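Only one structure is covered here, and it is reproduced in the block below.
The structure displayed is predicted, hence computed values, not measured ones. Along the sequence shown, the residues carry numbers beginning at 1.
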Amino acid sequence: MEKKEIESLVRKHIESKFSDRDRKEYIVAANWKMNMSAKEIRRFIGEIKEEKIPNYLKTVIFPPYPYLPIFQEMLRYDRIIYGAQDVAKEEQGAYTGEVSAAMLADCGCSYTLVGHSERRGYYAETPGIVAKKAAAALRYHIKPVICIGETLEDRQNNRYRDVLKIQLDAVRQEIGDVLSECVIAYEPVWAIGTGVIPELVQIEETHHFIHELLVSYTGISERASKILYGGSVNEKNVKDIAAVHFVDGFLIGGASLKAGSFINILRLLNVDGR
Ligand code: 13P
């Protein structure tokens, strides 16, 4: 097939996905990890505030903790929302270095990441800890984005479904049906920061598997379930991945650090703006 034909096919897919009047919300989230400075962030917010973003594209930014007040100041009445990259599982007290859900709520966060593979990997966060963090966030009406994903070894040994199930099971045990109110971010560890993404059929199969798990736990409808894809998403591949069934948005690392590339990604997903 010609490149042009593929392009128009992908575009048709995206348009049909967003075609009904009452479109399903799509989440485009930026995980800045341990990057950016106050100056860079002020410039970034200034630029993105100028962008006309349609209602069905929910834009969420996850900066490092110390910069949350800049968001609170600059985005107070804006549709762009923000959250933290992590949250303490405890309520309050002698936990040096931790930041509680109540503090995040104080800073105007409506979302928080939990269980990012870098937290699970470098800081030994077990599925049980991640589940407690999700519960702590929910107590303060902060929506957890529960990150799950398998390593390359798990994928190659065809164990990825077991791994994903273990990660989700722990959350379900902790919060039960409320799991249906959380966002899930599927981030294969081997796709994070590597420039490699799974085959589109692998993404579809895995998102479908996660969706079915959520259905079996909570009876959630396809319309209500929110499963984001993360791992080497950029301006070149975002449209193709957006067309994949059961992909309800993105969690973007590297390509979200420059306002220009993040805004371009939003434009590529904006079917009204073309
Ligand atoms: P990259 O987009 O840089 O691969 O990072 C993905 C990620 O970890 C988002 O949480």
Side-chain angles (χ1 to χ4, degrees), residues 6 10 27-35 62 64 85-86 112-131 133-134 144-173 179 182-214 216-217 225-258 261-262 265:
I6 298 175
V10 166
I27 298 176
V28 186
N31 175 9
W32 285 350
K33 309 190 179 183
M34 201 169 71
N35 294 294
F62 296 100
Q85 297 173 15
D86 191 21
T112 184
L113 301 179
V114 293
H116 191 282
S117 65
E118 286 147 19
R119 303 287 327 163
R120 293 182 195 258
Y122 302 145
Y123 304 97
E125 287 189 8
T126 60
I129 293 175
V130 174
K133 291 185 169 197
V145 177
I146 300 160
C147 304
I148 59 173
E150 81 283 359
T151 61
L152 186 58
E153 202 187 342
D154 296 328
R155 173 60 66 168
Q156 285 168 342
N157 296 337
N158 215 18
R159 260 185 44 81
Y160 63 97
R161 289 195 202 90
D162 300 336
V163 171
L164 298 172
K165 187 168 183 314
I166 290 168
Q167 293 174 345
L168 271 183
D169 271 357
V171 184
R172 185 227 187 173
Q173 265 181 31
L179 180 57
C182 302
V183 175
I184 309 297
Y186 169 57
E187 299 203 301
V189 180
W190 47 282
I192 296 178
T194 58
V196 176
I197 61 163
E199 305 268 326
L200 297 182
V201 287
Q202 290 179 312
I203 297 179
E204 172 153 354
E205 189 271 332
T206 313
H207 277 234
H208 183 238
F209 170 74
I210 295 166
H211 173 69
E212 288 300 308
L213 266 182
L214 294 176
S216 74
Y217 294 154
S225 101
K226 294 227 176 323
I227 307 168
L228 316 186
Y229 170 78
S232 295
V233 174
N234 58 38
E235 292 161 77
K236 291 201 184 91
N237 58 28
V238 73
K239 261 170 50 179
D240 294 358
I241 310 174
V244 173
H245 200 173
F246 298 110
V247 170
D248 306 308
F250 297 98
L251 183 55
I252 307 169
S256 73
L257 292 173
K258 293 263 181 293
S261 77
F262 190 60
I265 287 174

Only counting residues at least two apart or in another chain, list the ones meeting ring-ring contact (aromatic ring centres under 6.0 Å, His included) with W32.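 In terms of ring-ring contact (aromatic ring centres under 6.0 Å, His included), with neighbours along the sequence ignored, W32 is linked to F44, F71.
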I would like to know whether L179 and L214 meet side-chain contact (heavy atoms from CB on, under 4.5 Å); could you show each step before the answer? CA-CA 8 Å; L179 180 57; L214 294 176; 3.9 Å; yes
Determine, stepwise, if the pair V28 / V238 fulfils side-chain contact (heavy atoms from CB on, under 4.5 Å). CA-CA 11 Å; V28 186; V238 73; over 6 Å; no
If you define the side chain from C-beta out and look only at heavy atoms, does anything of [X] sit under 4.5 Å from [Y]?
X    : Y    : answer
H208 : H245 : no
T206 : P198 : no
I184 : L168 : yes

Would you say the side-chain atoms of [X] pair up with the backbone N or O of [Y], donor to acceptor, closer than 3.5 Å?
X    : Y    : result
S261 : A255 : yes
S256 : A30  : no
Q202 : E199 : yes
D86  : K133 : no
N157 : R159 : no
R120 : G115 : yes
Q85  : F62  : yes
T151 : V189 : no
D240 : N237 : no

Atom [atom1] in [X], atom [atom2] in [Y]: separation rounded to 0.5 Å?
X    : Y    : atom1 : atom2 : answer
L213 : L164 : CG    : CG    : 8.0 Å
Y123 : E118 : OH    : CD    : 9.0 Å
N31  : C147 : CG    : SG    : 7.5 Å
I241 : I197 : CD1   : CD1   : 4.0 Å
K165 : I210 : NZ    : CD1   : 13.0 Å
I192 : K33  : CD1   : NZ    : 5.5 Å

Side chains of W190 and E153: is there a donor and an acceptor less than 3.5 Å apart?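 No.
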Tell me the closest heavy-atom pair linking A131 and A170, and the distance in Å.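 Distance-wise, the nearest heavy atoms are CB-O, 3.4 Å.
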Give me the atom names and distance for the closest heavy-atom approach of G195 to S232.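 For G195 versus S232, the nearest heavy atoms are N-OG, 2.7 Å.
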Hey, what's the ring geometry for H207 with Y186, parallel, tilted or perpendicular (30° and 60° as the breaks)?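 Plane angle over 60°, so perpendicular.
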What is the ring orientation for F250 with Y229, classed by angle as parallel under 30°, tilted 30 to 60°, or perpendicular over 60°?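 Taking Y229 first and then F250, their aromatic rings stand perpendicular (interplane angle over 60°).
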Taking it one step at a time, do V247 and I227 satisfy side-chain contact (heavy atoms from CB on, under 4.5 Å)? CA-CA 6 Å; V247 170; I227 307 168; over 6 Å; no
Intermediate values then yes/no, salt bridge (Lys or Arg N to Asp or Glu O under 4.0 Å), E150 and R155: CA-CA 7 Å; E150 81 283 359; R155 173 60 66 168; 2.9 Å; yes
Checking side-chain contact (heavy atoms from CB on, under 4.5 Å) between L113 and each of V183, L251, I146, which is the one that passes?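 In the set V183, L251, I146, the residue that makes a side-chain contact (heavy atoms from CB on, under 4.5 Å) with L113 is L251.
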Step by step, work out the side-chain contact (heavy atoms from CB on, under 4.5 Å) result for T126 and I129. CA-CA 5 Å; T126 60; I129 293 175; 3.2 Å; yes
If you apply the rule salt bridge (Lys or Arg N to Asp or Glu O under 4.0 Å), what do you find for R161 with E205, and how did you get there? CA-CA 10 Å; R161 289 195 202 90; E205 189 271 332; 3.0 Å; yes
